[in-house]
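Throughout, numbering of the chain's residues begins at 1 and tracks the sequence.
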Amino acid sequence: MMEFLKDKRGSVPVMTTGFVFLLLVMTFLTIEMGSTYENYDYCLDVLQRSCNSAVEANMDDRYRADKVLILDTAGAETDFYRFIASDLSDRYDIVVESVSCSASPPSMTVTGRMTFDTIFAQYDWDDLTVDFTVKASNYDLD
């Protein structure tokens, strides 16, 4: 065994095998990071779209001709939760920490945490948890 380790001819296959292994590990981690970012981006897009839709659906149009915008805050919050439930799959766990709505000017801000699993969950690693903040407002008087 000592002769094999001292032999200079045997170092090239060992180094090549190590380099290929390292390259495969780096490729795997890069692909997994891309997949994790795609999950985060998808979930954030659904949350933002739900916030925008909740604000738009609950605008009181009775005063729009007078250039006054009023938001039904209770309806916007209810619709936000309804949109999330219908658009997001069960793969994502959303914990909403606060929903802040103002009637005039009409705006809504939602903060919370999203949790989703990665490929490392099969090795009993924790799921990935990320904080989020989404905001929507409507100043369109036309």
Asker: I'd like to know if Tyr37 and Ile94 are part of one continuous hydrophobic network [Ile/Leu/Val/Met/Phe/Trp/Tyr, side-chain heavy atoms within less than 4.5 Å].
Answerer: yes
Asker: Let me check something: do Met114 and Val110 share a hydrophobic cluster, defined by ILVMFWY side-chain heavy atoms less than 4.5 Å apart, either directly or through other members?
Answerer: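 Yes, one cluster joins them.
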Asker: When you compare the side chain of Thr111 with that of Asp131, does any pair of heavy atoms fall below 4.5 Å?
Answerer: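 With C-beta onward as the side chain, the pair stays apart.
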Asker: Just by modelled atom types, is the Leu23 backbone N or O under 3.5 Å from a matching donor or acceptor in the Thr27 side chain?
Answerer: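 Here the side-chain-to-backbone pair exists.
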Asker: Any donor-acceptor pair under 3.5 Å linking the side-chain atoms of Thr129 with those of Thr115?
Answerer: yes
Asker: Taking the side chain as every heavy atom from C-beta outward, state whether Leu71 and Met59 have any pair of such atoms under 4.5 Å apart.
Answerer: yes
Asker: Considering residues at least two apart in sequence or located in another chain, which fulfil the salt bridge (charged side-chain N to carboxylate O under 4.0 Å, His left out) criterion with Glu32?
Answerer: none
Asker: With a 4.5 Å cut-off on side-chain heavy-atom distances among I, L, V, M, F, W and Y, is there a chain of contacts connecting Phe21 to Leu29?
Answerer: yes
Asker: Applying side-chain hydrogen bond (donor to acceptor under 3.5 Å, both in side chains), can you list everything that pairs with Ser102, at least two apart in sequence or on another chain?
Answerer: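 side-chain hydrogen bond (donor to acceptor under 3.5 Å, both in side chains) list for Ser102, sorted by chain: Ser107.
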Asker: For Ser89, what residues pass the side chain to side chain contact (heavy atoms under 4.5 Å, CB included) criterion, not counting sequence neighbours?
Answerer: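 Scan of Ser89 (side chain to side chain contact (heavy atoms under 4.5 Å, CB included), adjacent residues dropped) gives Arg91, Tyr92.
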Asker: Which atoms form the tightest heavy-atom contact between Phe132 and Val95, and what is the distance?
Answerer: CE2-O, 4.3 Å
Asker: Side chains of residues 40-48: which donor-acceptor partners sit under 3.5 Å, not counting sequence neighbours?
Answerer:
from  : atom 1 : to     : atom 2 : distance (Å)
Gln48 : NE2    : Asn52  : OD1    : 3.0
Gln48 : NE2    : Lys135 : O      : 2.7

Asker: Using every non-hydrogen atom in the two residues, find where Thr73 and Ala103 come nearest and quote the distance to one decimal.
Answerer: CG2-N, 3.8 Å
Asker: Looking only at heavy atoms, what is the nearest atom pair of Phe80 and Ala54, with distance?
Answerer: N-CB, 3.8 Å
Asker: Not counting sequence neighbours, list each pair that qualifies as a salt bridge (charged side-chain N to carboxylate O under 4.0 Å, His left out) and has a residue in residues 70-86.
Answerer: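 Passing the test, one end in residues 70-86: Asp79-Arg82.
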Asker: Only counting residues at least two apart or in another chain, list the ones meeting side chain to side chain contact (heavy atoms under 4.5 Å, CB included) with Leu128.
Answerer: Thr36, Phe116, Thr118, Val130
